[in-house]
Number of protein chains: 2
Amino acid sequence: MDSPLLQTYISQLQGQLLDDLCTSVPALTELYQYYVRLQSKRLRPRLILLMAQATNGLGSAWSKKQCLPGPLQVEENDCSLNQSGLANVILPEQLRLAEVIEMIHVATLMHDDVIDESPLRRGAPSAPAQFGNKQSILGGDALLARALMLSASLGVPEVVTNVASVLSTLVEGELLQAQDTMTPVKQTSDDESRKPGSSDWDSYLKKTYMKTASLFSRALSCTVILGGATESDPLRDIASEFGSQLGMAFQIVDDILDFEGGEAMGKPVTADLHLGLATAPVLFALEENDEMQQLVDRRFQEPGDVQRATMIVKSTNALPRAGAVARAYAQKAHDALAPLPASPAKVALQCLAMGVIARDH
Amino acid sequence: MDSPLLQTYISQLQGQLLDDLCTSVPALTELYQYYVRLQSKRLRPRLILLMAQATNGLGSAWSKKQCLPGPLQVEENDCSLNQSGLANVILPEQLRLAEVIEMIHVATLMHDDVIDESPLRRGAPSAPAQFGNKQSILGGDALLARALMLSASLGVPEVVTNVASVLSTLVEGELLQAQDTMTPVKQTSDDESRKPGSSDWDSYLKKTYMKTASLFSRALSCTVILGGATESDPLRDIASEFGSQLGMAFQIVDDILDFEGGEAMGKPVTADLHLGLATAPVLFALEENDEMQQLVDRRFQEPGDVQRATMIVKSTNALPRAGAVARAYAQKAHDALAPLPASPAKVALQCLAMGVIARDH
């Protein structure tokens, strides 16, 4: 449950997003704002805002920073340079960062939905279903461009570089995954290759980091940089480590939900299998059921393969085992915050980390 | 004909582009480098490098800048702080800018080829024909991300903002054009609406500026900013005006060549008509042939429309008249450089401007 103050920030963020995606052409505005207007947990912005609340005032360069003006002036009394009193303050630059990261996330969703030919997004028609592929490709590009313009407006070169790297790594992760679905699986007689630590797992975990965790990690690192954490400040490692572990947990849970979710949740089921992807549940099922290997080898492309693979995953311990891996990452995220002083935002971040593994959509 | 020094810079640029698009995964490197390896005039980098040569040493903040080290040390004797002797010097930041702008250009070509389903690019299979749509969409995103990382590495926030704006405006121009091909043409009885200055022309010229001229203008403006032109320096307006006028000339010639080029040049003919677009030649033909209006109104979508429209354009004075408009823009570009002191680079830029209207591919 968000604090009333966080709710205010999230509303302010939504307003900023809509404002910054407004154009003089109504049809373009509709396209740019389309995914931002859909219901969303706003996980990435929420993490950034909470991390700001949990760490602002602790960084070495804090005293140079200004607090957020405008609608939040009611919080002015939190805005002293007293460290412990600063726990709730979010800098305007950090709110802008949350906006930038959400815009990049939404832009990549738009391109993903073209690539995967997804008819639905968050229970509504996907952008390509609503506007066509051409508009969705260009719309995604426009969102990326606007996100990068906004990040440049922060005037902190390190943050711009990080934001551009977020995009680069994320796309490279998607590309590696795409390559993977096109090249045949390497045949191997070595059982080790089917266990965590093996090359299948290495490759899966690497792509998971690139696709999802890297964005969480860098975004949170930027949050504390904007909060005044200088290069040697341990806050940077804490924020980055928390983001990285949480991102891994989040993506693995996403891969589990691909087997458990339903059309009603706004996503088609077993989308990954249809794409030929072997995620954590499949990698665990491989260890328990010999039939799975041939399905993986042919990328679930023959009639009935997806249904058969789903059945195998559900009849083995694959899903609980994948859940345990996600839980271990979430726990590491939780523990990464231990060095931070106690604050409601720290607790909220830790709850959020543990909550990721309990989510059902 | 390039000077030997410019040729050296262009080779250096090509090397940098290939280096910066190298990854640890050969298949990704092949995708990223694919369009950079195709034959190209490298118009945008060439303009940037020549503008650097024509203006470096003139800007107010010049004395703070460093000259390009490395393979070009043979030019060291040009590298004094004597203004007139600096005409050939290009800063490493300006070479990097040329790289960034070419990368963005190539990224948008990749997305365009997916959108337009183009089988060919510069006479070779297009990226989507070679790698598929998925790889080409993600590949374009990856190129954009790398371009923006490189621009951030310049450490000049104004340049990063400009580079991101280039992308934003360019994509918005494409989107406006895409919208245009989907909404029916406004019927009008007002003859004025069919002449330059009318709303059809306004819309065409605005999209031409956004799609092409804006990139030329901002890229050249960034060139002199990196060369030390401070905010009030008239060099900024000169560079930006030259780019803007040249970009208009270039795009209009492109639209003319769409009627005159051939498959042999590596482009399909009348691609614009197939997309339903009324460019300068069509807008002029409208004034001379009443039949054209109905073809425009139905976006050349009925069988035989494209052939009929092509015939009308070729049988009227539309192409020479569009050529005259392009020539006028090129002349304005030429004249915009008048205030610059005489130099081989200035002459080369002016020749390049006038050469744009004589190009045949």
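Here is the naming used below: chain letters follow the sequence lines, and residue numbers restart at 1 for every chain.
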Would you give the length of the straight line joining atom CG of Leu148(B) to atom CE of Met149(A), rounded to the nearest 0.5 angstrom? 11.5 Å
Chain A heavy atoms under 4.5 Å from Asp116(B): which part of the residue, side chain, backbone, both or neither? side chain
Using a 4.5 angstrom heavy-atom cutoff, name the option from Ala142(B), Gly132(B), Gly155(B), Ala107(B) with the most pairs to chain A. Ala142(B)
Within this structure, what is the CG-CG distance for the pair Leu138(A) and Leu170(B), rounded to the nearest 0.5 Å? 9.5 Å
Could you measure the distance from the CG atom of Asp141(A) to the CG atom of Asp141(B)? Nearest 0.5 Å is fine. 6.0 Å
To the nearest 0.5 angstrom, please state how far the CD atom of Glu174(B) sits from the CD1 atom of Ile137(A). 11.5 Å
Please determine whether a side-chain nitrogen of the Lys or Arg among Lys134(A) and Glu117(B) lies less than 4.0 Å from a carboxylate oxygen of the Asp or Glu. no
Do you know the tightest heavy-atom contact between Ala152(A) and Val160(B)? CB-CG1, 3.7 Å
Which of residues 24-34 of chain B have a heavy atom under 4.5 Å from any heavy atom of chain A? Val25(B), Ala27(B), Leu28(B), Leu31(B), Tyr32(B)
Bottom line for Leu144(B): the part with an atom under 4.5 Å from chain A's heavy atoms is side chain
Heavy-atom cut-off 4.5 Å, strictly under: side chain, backbone, both or neither for Thr169(B) against chain A? neither
Which atoms of Val114(B) are under 4.5 Å from chain A, going by heavy atoms: the side chain, the backbone, both sets, or neither? side chain
